[in-house]
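See below for the structure under consideration.
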Amino acid sequence: MTEPAADPKTVAEAAALLRAGRLCAFPTETVYGLGADATDADAVLSIYETKGRPRFNPLIVHCAGLDMARTLAVFSPLALKVASLWPGSLTLVLPAKPGNGLADVVMAGLDSVAIRIPDHALALELIAAVGRPLAAPSANPSGRLSPTTAAQVRRGFGGIVPVLDGGPCRAGVESTIVRVEGDRLVQLRAGAVAREEIERKLGVTVAVAEKDAAVAAPGMLASHYAPNALLRLDAEPREGEAYLAFGEGPDFGGVTRNLSPAGDLHEAARNLFAMLHELDAAGVGVIAVAPIPETGLGEAINDRLARAAAPRG
Ligand code: TXA
Ligand code: MG
């Protein structure tokens, strides 16, 4: 997507783009989101490519209603209580339902999923028209300010991203992220809904995550990504290890997955989390990982692998 994009004039036009696996920016009450069908791995990967995101941070999944949300995550009674604040600028991190149909890259290999129902009529109409949940980080190139108007989105991406214009966003800051941990609520990111407001409205206590975990939410923490096996990077496999190959590799008789025999980084990114899980399930002590070029999506793949290989704390 490098040509100037024609903006959709209606929700139906925007929905058609998203259903076809294209990106489309859309308004929410917090900030504009860069949306993709959350069940389409290729569409979600183009979010990372378009934003120039250097790492696979898990993305927030936007739903049209609680019915849709309940197909994706397990809601405890406490989670349902907090969800009574939806639609709203509050994102809940919940255990993912196995086989929920979401692309791996949305959860970045975690077994939890971040969900919210935005409080914005156009956003809700759009998700309902697509009929699928939408992954959407803020619609800005990585490292820049979050956009609160369609014009800012257009400028930020040089016009290559189609934008559904819904006027300026009301809140202007991202949603508050709260993780439900058993009978505890933990705020991972402060945002548009004050922690005290959640506590007051629901009569609950919301803890604040430790400083480290609160840094842009715990998707960044090495421990969240670590497989059981140790990872040896930039390596050729040895006897007794499993091998995560890329492109043409050495002949190896042990358990092997190839991220992309053709050396295609997009294909490699799509396969990354599933293949790591598969190799880990083989029960080996070490997974040797072939060198991955540091270009395009390779940067995010290498970041993820470096975190998985980091010493365990
Ligand atoms: O207001 C908002 O929340 C905007 C609008 C567009 O809805 N969206 C937004 O999305 O800010 P995003 O994808 O940029 O925020 C994702 C944040 C990341 O910091 C990520 O680490 C955290 O949510 N997150 C996502 N899934 C998570 C999970 N399973 N566990 C912990 N944190 C998670
Ligand atoms: Mg952002």
Side-chain angles (χ1 to χ4, degrees), residues 1-8 14 17-18 21-38 40 42-62 88-91 103 105-108 114-116 118-120 122-123 126-127 130 133-177 188-193 214-220 266 269 295-301 303-304:
M1 215 173 21
T2 48
E3 299 289 303
D7 289 327
L17 288 173
L18 289 161
R22 301 271 310 277
L23 299 186
C24 183
F26 65 95
T28 79
E29 81 282 21
T30 57
V31 300
Y32 272 76
L34 182 59
D37 175 351
D40 180 337
D42 289 317
V44 174
L45 284 169
S46 33
I47 291 181
Y48 286 94
E49 288 168 321
T50 303
K51 276 183 73 86
R53 253 196 187 190
R55 54 168 61 118
F56 291 123
N57 242 354
L59 301 173
I60 294 174
V61 176
H62 299 67
S89 311
L90 174 69
T91 295
V105 275
V106 170
M107 295 181 281
I115 298 182
R116 87 178 183 100
D119 186 13
H120 193 289
L122 215 52
L126 177 64
I127 304 163
V130 175
L134 296 181
S138 53
N140 52 283
S142 198
R144 306 252 212 92
L145 287 180
S146 297
T148 56
T149 65
Q152 286 167 10
V153 179
R154 280 189 206 103
R155 227 177 295 132
F157 292 116
I160 61 161
V161 171
V163 189
L164 179 66
D165 194 342
C169 304
R170 291 199 301 279
V173 288
E174 279 91 349
S175 61
T176 304
I177 304 182
L188 305 179
R189 177 175 82 180
V193 177
V215 179
M220 329 251 317
H266 192 97
T295 52
L297 283 174
E299 197 184 342
I301 296 173
D303 173 78
R304 164 65 176 85

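In what follows, every heavy atom counts, from backbone to side chain, and hydrogens, waters and symmetry copies are set aside.
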Inset, instruction - Starting at CG of Leu134, measure out to CG of Leu59 and round the result to the nearest 0.5 Å. - result: 11.5 Å
Legend entry - Closest approach of Pro133 to Ile127 (non-hydrogen atoms, all atoms of both residues): CA-CG2, 4.5 Å
Inset, instruction - Could you check if a side-chain atom of Pro147 sits within less than 4.5 angstrom of a side-chain atom of Asn140, using non-hydrogen atoms only? - result: yes
Inset, instruction - Hey, could you give me the CZ/OG distance between Arg22 and Ser46, rounded to the nearest 0.5 Å? - result: 9.5 Å
Legend entry - salt bridge (charged side-chain N to carboxylate O under 4.0 Å, His left out) partners for Asp40, two or more places apart: none
Legend entry - Leu34 and Phe157, any side-chain heavy atoms less than 4.5 Å apart: yes
Legend entry - Close side-chain approach of Arg154 to Asp7, heavy-atom, < 4.5 Å: yes
Inset, instruction - Give the minimum heavy-atom separation between Pro8 and Pro162, together with the two atoms involved. - result: CD-CB, 3.8 Å
Inset, instruction - Measure the spacing between CG of Asp37 and SG of Cys24 and express it to the nearest 0.5 Å. - result: 12.5 Å
Inset, instruction - Check the pair Ile60 / Glu174 against side chain to side chain contact (heavy atoms under 4.5 Å, CB included), numbers first and verdict last. - result: CA-CA 11 Å; Ile60 294 174; Glu174 279 91 349; over 6 Å; no
Legend entry - Heavy-atom check, side chain of Leu126 versus side chain of His62, under 4.5 Å: no
Inset, instruction - Find the distance between OG1 (Thr30) and CG (Leu90) and round it off to the nearest 0.5 Å. - result: 11.5 Å
Legend entry - Heavy-atom check, side chain of Thr176 versus side chain of Arg189, under 4.5 Å: no
Inset, instruction - State, to 0.1 Å, how close Ala300 and Arg55 come at their nearest heavy-atom pair, and which atoms those are. - result: CB-CA, 3.9 Å
Inset, instruction - Check for a donor-acceptor pair, side chain of Tyr32 on one end and backbone N or O of Ser146 on the other, with a separation under 3.5 Å. - result: no
Inset, instruction - Would you name the heavy atoms of Ile301 and Ala269 that are closest together and state the gap between them? - result: CD1-N, 3.7 Å
Legend entry - Spacing of CZ belonging to Phe26 relative to CG belonging to Leu18, to within rounding of 0.5 Å: 8.0 Å
Legend entry - Where Pro27 and Leu164 come nearest, the two heavy atoms and their spacing: CD-O, 3.2 Å
Legend entry - Heavy-atom closest pair, residues Ala36 and Leu23: CB-CD2, 3.6 Å
Inset, instruction - Decide, yes or no, whether a salt bridge links Glu29 with Arg116 under the criterion of side-chain N to carboxylate O below 4.0 Å. - result: yes
Inset, instruction - Find the distance between OG1 (Thr91) and CG (Leu188) and round it off to the nearest 0.5 Å. - result: 10.0 Å
